[in-house]
Structure formats: structure tokens, C-alpha cells
J.: 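Before we start, here is the structure in question, set down as C-alpha cells.
What's counted below: heavy atoms across the whole structure, side chains too, no hydrogens, waters or symmetry copies.
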Amino acid sequence: MGYSTESKWLTATITFALAALSASTAFSLYFWKRKSRDLDSKIGELEKSLKASLDNCAAERQGRIRAQQALRKALTQPKLENVELTSYPMAPIGVIQSCFSTRNGTPRQPVLVPLSRACLIFNTARVPPASLEGLGEYSHCWVIYVFHQNTNLEKLWKDPTKSKFKAKVRVPTLNGERKGLFATRSPHRPSPIGLSVAKVEAVQGHMLLLSGVDLVDGTPVLDVKPYIPYCDSIQGARVPKWLAADSILAVASVSFSEVFTSTLADCWEMAGNNSLYASPDEFQNLIKQVLSWDIRSLAQRNRPHDSFINSENGKQLNDSSDNDHDEEASSPGNEQPPSSSGDIMYHLTLEGLEVSYRLNSDFSVVVEKVKEVSNITNSRQKRCNYSMWRV
């Protein structure tokens, strides 16, 4: 009898426990489902909000794009009352300090004179120094610049539609034969923009040291881009035969007189402080590389006696800049021309020093002497020099 009572009590207890557990489970399940529904509702609301935000951003972006397109169209399309082309708002980001003080002697192409050096000084108001980070990891770079010493530059800027640039220019390697402007690298172009490749020697703050340059001192730079071999160097690229004959401008040899050594030593004591070259010997090697090519203009090669020009003070000067243009050489005036081309003294200005040399009949160059040019020397203060880049 006692056993039956205990069994019933145990059965009731178990039943009650199971009922309680079932009720608890049901409650938990209900709570979880409710919480899940609330969470799904919140997720749905967030997704709608995100979609609305993305739609707004896309609409704003499309609006900006349309506004930019409209602005570009307004700026670039000629106005009805002014049919002249509209210019783009470009300005130099830096300036070149080059070993080539004047156009005379500046190589016709980059890399021809490996020792030719220049320092590009960036305008920190437009170009933060951080912009140059990583450029030193490249061996070479492209420099985009302005031919600021073109003789027709002022007319071109003032009235580009009436500049009447020449469609054909004389080619030095073809002894004056003319080719279409865009088949040459003449600096006299509708838009006087130059493109040169140069070796990146060092990067320091807001300055870039370059070598192998064909840039004259004071050149305004518009942009710098890294040279990338796999896309910038095209294997099997074709050039016209007349361009492959550029070696005809190479001279037979370059030698130096005894007077040159002594005059260079006298000049270097002061000029060396503002030079991109470590020693007189290195500077002499630069002269040799520059004069290894005939740097005379086409007019001077055809009429070498016309290199003599009377300056205002009666001093004989020569302008052997190669302008690739149809400009007549200046008249020699009352000066009697020398008896032979070997008697002509030519002048080249590098690093503020005037180098005097002769070109003999056998096409060999003899460098006679060097001297300081006062007006250039005085203007070369506070310039980049070799000591600034020495590690």
C-alpha cells in the first residue's frame, strides 16, 4: 500500500516537472521567435536606410559628374562672341636649375649627354614634398615642360589662332630638308610643350636631382611621371631612316689645350661652389660629352662665317642654338669673316662658365679656354650644388 502511494507521488512529480519544462521551453521558444522577428525588422529597416543612402550618394555623384561635364564643355567650347580656343588652367609646378645656362649647347635629345645634370625645384605651395615619396624607387622619369625660350612664345600666348606656326621645319640630319612639324621634335610647336626622359639620381625634400637632361636653366615644369619600361619602351618600334642617321652630327674627337686646364683651375675656385659637379675633372668630362656632338645650328653649319655677330658693345658673339626653325642667321655686319671655319671661335656656356672652342676641318674639336660670365655667375647664387646631394 505504501509502495503504491510513493509511486503515485513520483509519477505526479515527474509529470509536473515535465509540464514545467515544457512550459519553460515553450516560453523560451516564443521569446526567441519574437526576438528574431524584432531583429529581422531592424535589419530590414537598416537595409532600407542603407539603400536610400546609397541611392542618394549615387544621385549626388551623378549630379557632380553632370556638373563637371557641363563645366568642361563651357570652358573648352568656343564662345559665340569669341571663336578663339579656350586654354586649360595649367601652371608650372617647379623650375629647372640646369648645367646648361643657355639654349646654346643643350642636347637635341635627352640621354645623349649622360653627365648633364639638373635639379628640379618644386613649388611647395602647389606640390607638397610628400608627393615625391616613392619616386626615388624608379631609375628614370618623364619630365613635361614648357619651351619658355622660344622666340615666338609671346605671340603664341597672346593670339594662338594667328600665330601662323610653320607646318614644316628644317631637319638638322637632312641638311635642311623640311619635314612635317609633328614628325620632328622641334620646340616651335602650336603648344610649346616638351617631353624628356631623365635619370632619377636622388630625391631630397622638395627637390629632384636628374641626369642625362636636355633642359635649359629656368625651364618651367608642368608634370613629372615615372618611366615604366614594360609600357614606355616599345620593342621593334619603327623610326624613319633619316632619323637613324643622327650619328652624322658626332664629331671626330674632342681635345683640350694647355691653356684650358689653367683657366679652369682659376675659375673653379669660385664657380665650383655653385656647381652640380664634384671637381674640375668631372666638369671637363661634361664639356667633352656635350661637344662630342656638333651643337651648331643648321645655319652655322651651312654658313659657318655667319656665326660672327656684332653685339652692342662691338664684341663678337655667336648664337649656335639649334632652333629647328626657318629663321635667317644674323648678318655679320662690318666684320670680315675668318679665312676658314677652323679660325672661328665658338662659345658654350655651362654652369655659368663660358667655354671657347674651335672646330677644325677634320671635324675635331679643340677646347681653348674657359672663363666666368659675370651676369650669369651673379645670378647663380642660392642654387643646388654637388655638396647638397653628397651622401
Side-chain angles (χ1 to χ4, degrees), residues 99-116 170-177 184 212 214 240-265 267 277 280-309 315-324 327-332 335-351 353-371 373:
C99 65
F100 299 107
S101 304
T102 63
R103 289 183 302 169
N104 175 26
T106 304
R108 293 182 175 88
Q109 302 295 342
V111 192
L112 289 180
V113 180
L115 267 179
S116 62
R170 300 181 186 275
V171 179
T173 55
L174 289 178
N175 199 28
E177 182 181 337
T184 74
D214 60 344
K241 293 181 179 179
W242 56 264
L243 187 61
D246 198 46
S247 59
I248 65 173
L249 297 178
V251 304
S253 64
V254 179
S255 59
F256 297 85
S257 69
E258 294 182 0
V259 176
F260 170 82
T261 304
S262 60
T263 55
L264 178 57
C267 295
Y277 298 89
D281 291 338
E282 190 178 31
F283 180 70
Q284 183 172 335
N285 287 333
L286 168 68
I287 297 173
K288 186 173 183 178
Q289 287 186 6
V290 172
L291 295 181
S292 293
W293 302 87
D294 188 356
I295 63 174
R296 296 176 301 169
S297 68
L298 180 63
Q300 287 180 333
R301 291 198 299 275
N302 291 337
R303 300 186 300 276
H305 296 165
D306 288 348
S307 64
F308 275 79
I309 304 170
K315 182 181 178 182
Q316 292 177 343
L317 302 173
N318 75 300
D319 179 13
S320 54
S321 58
D322 184 10
N323 53 23
D324 269 344
E327 296 177 355
E328 291 296 325
S330 301
S331 169
E335 289 293 331
Q336 294 297 321
S339 59
S340 67
S341 61
D343 295 331
I344 300 175
M345 186 73 75
Y346 295 99
H347 303 283
L348 165 70
T349 305
L350 295 171
E351 293 283 271
L353 299 178
E354 183 184 283
V355 179
S356 302
Y357 69 97
R358 300 179 186 275
L359 186 62
N360 294 330
S361 57
D362 61 353
F363 221 49
S364 62
V365 170
V366 178
V367 184
E368 296 289 348
K369 60 182 179 179
V370 61
K371 68 176 183 178
V373 183

J.: Are the side chain of Glu354 and the backbone N or O of Thr349 linked by a donor-acceptor pair below 3.5 Å?
T.: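 A pair under 3.5 Å: no.
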
J.: Atom CG in Leu249, atom CG in Leu112: separation rounded to 0.5 Å?
T.: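 CG of Leu112 is found 9.5 Å from CG of Leu249.
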
J.: Mind listing the closest non-hydrogen atom pair of Leu264 and Pro280 along with its distance?
T.: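 Closest heavy-atom pair between Leu264 and Pro280: CD2-O, 3.6 Å.
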
J.: Give a yes or no answer on whether the side chain of Asp214 reaches the backbone of Val111 with a donor-acceptor pair at less than 3.5 Å.
T.: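 Such a contact is absent between Asp214 side chain and Val111 backbone.
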
J.: Val373 versus Leu353: any side-chain heavy-atom pair under 4.5 Å?
T.: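 No, their side chains stay 4.5 Å or more apart.
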
J.: Measure the spacing between CZ of Arg103 and OG of Ser297 and express it to the nearest 0.5 Å.
T.: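 Interatomic distance, Arg103 CZ to Ser297 OG, rounded to 0.5 Å: 10.5 Å.
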
J.: What heavy-atom pair brings Val370 and Cys267 nearest, and what distance separates the two atoms?
T.: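 Val370 and Cys267 have their closest heavy atoms at O-SG, 3.7 Å.
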
J.: Please report the interatomic distance CG(Leu359) to OH(Tyr357), rounded to the nearest 0.5 Å.
T.: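 The distance works out to 7.0 Å.
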
J.: Atom NE2 of His347 and atom NZ of Lys369: how far apart are they, to the nearest 0.5 Å?
T.: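 That separation rounds to 8.0 Å.
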
J.: Which residues satisfy the side-chain contact (heavy atoms from CB on, under 4.5 Å) test with Ser257, sequence neighbours excluded?
T.: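 Ser257 satisfies side-chain contact (heavy atoms from CB on, under 4.5 Å) with Val259, Phe260, Glu368 once adjacent residues are dropped.
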
J.: Nearest 0.5 Å, please: how far is OG in Ser356 from NZ in Lys371?
T.: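 Reported value, rounded in 0.5 Å steps: 6.5 Å.
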
J.: Let me see the working for Tyr346 and Arg296 under side chain to side chain contact (heavy atoms under 4.5 Å, CB included), right down to the final yes or no.
T.: CA-CA 9 Å; Tyr346 295 99; Arg296 296 176 301 169; 3.3 Å; yes

J.: Do Pro114 and Gln289 make a side-chain contact, defined as non-hydrogen atoms from C-beta onward lying under 4.5 Å apart?
T.: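 Counting from C-beta outward, Pro114 and Gln289 do come under 4.5 Å.
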
J.: Can you tell me how far the CD1 atom of Ile287 sits from the CD atom of Glu351, to the nearest 0.5 Å?
T.: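 Between atom CD1 of Ile287 and atom CD of Glu351 there are 10.0 Å.
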
J.: Taking only residues two or more places apart in sequence, or in another chain, which ones meet Phe100 in a ring pair (Phe, Tyr, Trp, His ring centres under 6.0 Å)?
T.: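 With sequence neighbours excluded, Phe100 shows a ring pair (Phe, Tyr, Trp, His ring centres under 6.0 Å) to no residue whatsoever.
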
J.: Give the C-alpha distance, both sets of side-chain angles, the deciding distance and a yes or no for side chain to side chain contact (heavy atoms under 4.5 Å, CB included) between Phe283 and Leu115.
T.: CA-CA 9 Å; Phe283 180 70; Leu115 267 179; over 6 Å; no

J.: In chain order, what residues pass the side-chain contact (heavy atoms from CB on, under 4.5 Å) check against Asp362, with sequence neighbours excluded?
T.: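 Result, side-chain contact (heavy atoms from CB on, under 4.5 Å) vs Asp362: Asn360, Ser364.
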
J.: Say whether, by atom type as modelled, one donor and one acceptor occur between the side chain of Tyr277 and the main chain of Cys99 under 3.5 angstrom.
T.: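 Side chain of Tyr277 to backbone of Cys99, a donor-acceptor pair under 3.5 Å: no, none is there.
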
J.: With sequence neighbours left out, write down each residue that passes side-chain hydrogen bond (donor to acceptor under 3.5 Å, both in side chains) with Glu282, or none if nothing qualifies.
T.: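 Result, side-chain hydrogen bond (donor to acceptor under 3.5 Å, both in side chains) vs Glu282: Arg117.
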
J.: Apply side-chain contact (heavy atoms from CB on, under 4.5 Å) to Glu177 and list each qualifying residue two or more places apart in sequence or on a separate chain.
T.: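 In terms of side-chain contact (heavy atoms from CB on, under 4.5 Å), with neighbours along the sequence ignored, Glu177 is linked to Leu174, Lys179.
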
J.: Mind checking side-chain hydrogen bond (donor to acceptor under 3.5 Å, both in side chains) for Ser292 and listing every partner two or more places apart, or none if nothing turns up?
T.: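 With neighbours one apart ignored, the set is empty.
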
J.: State, to 0.1 Å, how close Leu348 and Leu350 come at their nearest heavy-atom pair, and which atoms those are.
T.: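 Looks like CD2-CD1, 3.8 Å.
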
J.: Between Trp293 and Val251, which heavy-atom pair has the shortest distance, and what is it?
T.: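 Answer, listing the atom of Trp293 first, then Val251: C-CG1, 4.0 Å.
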
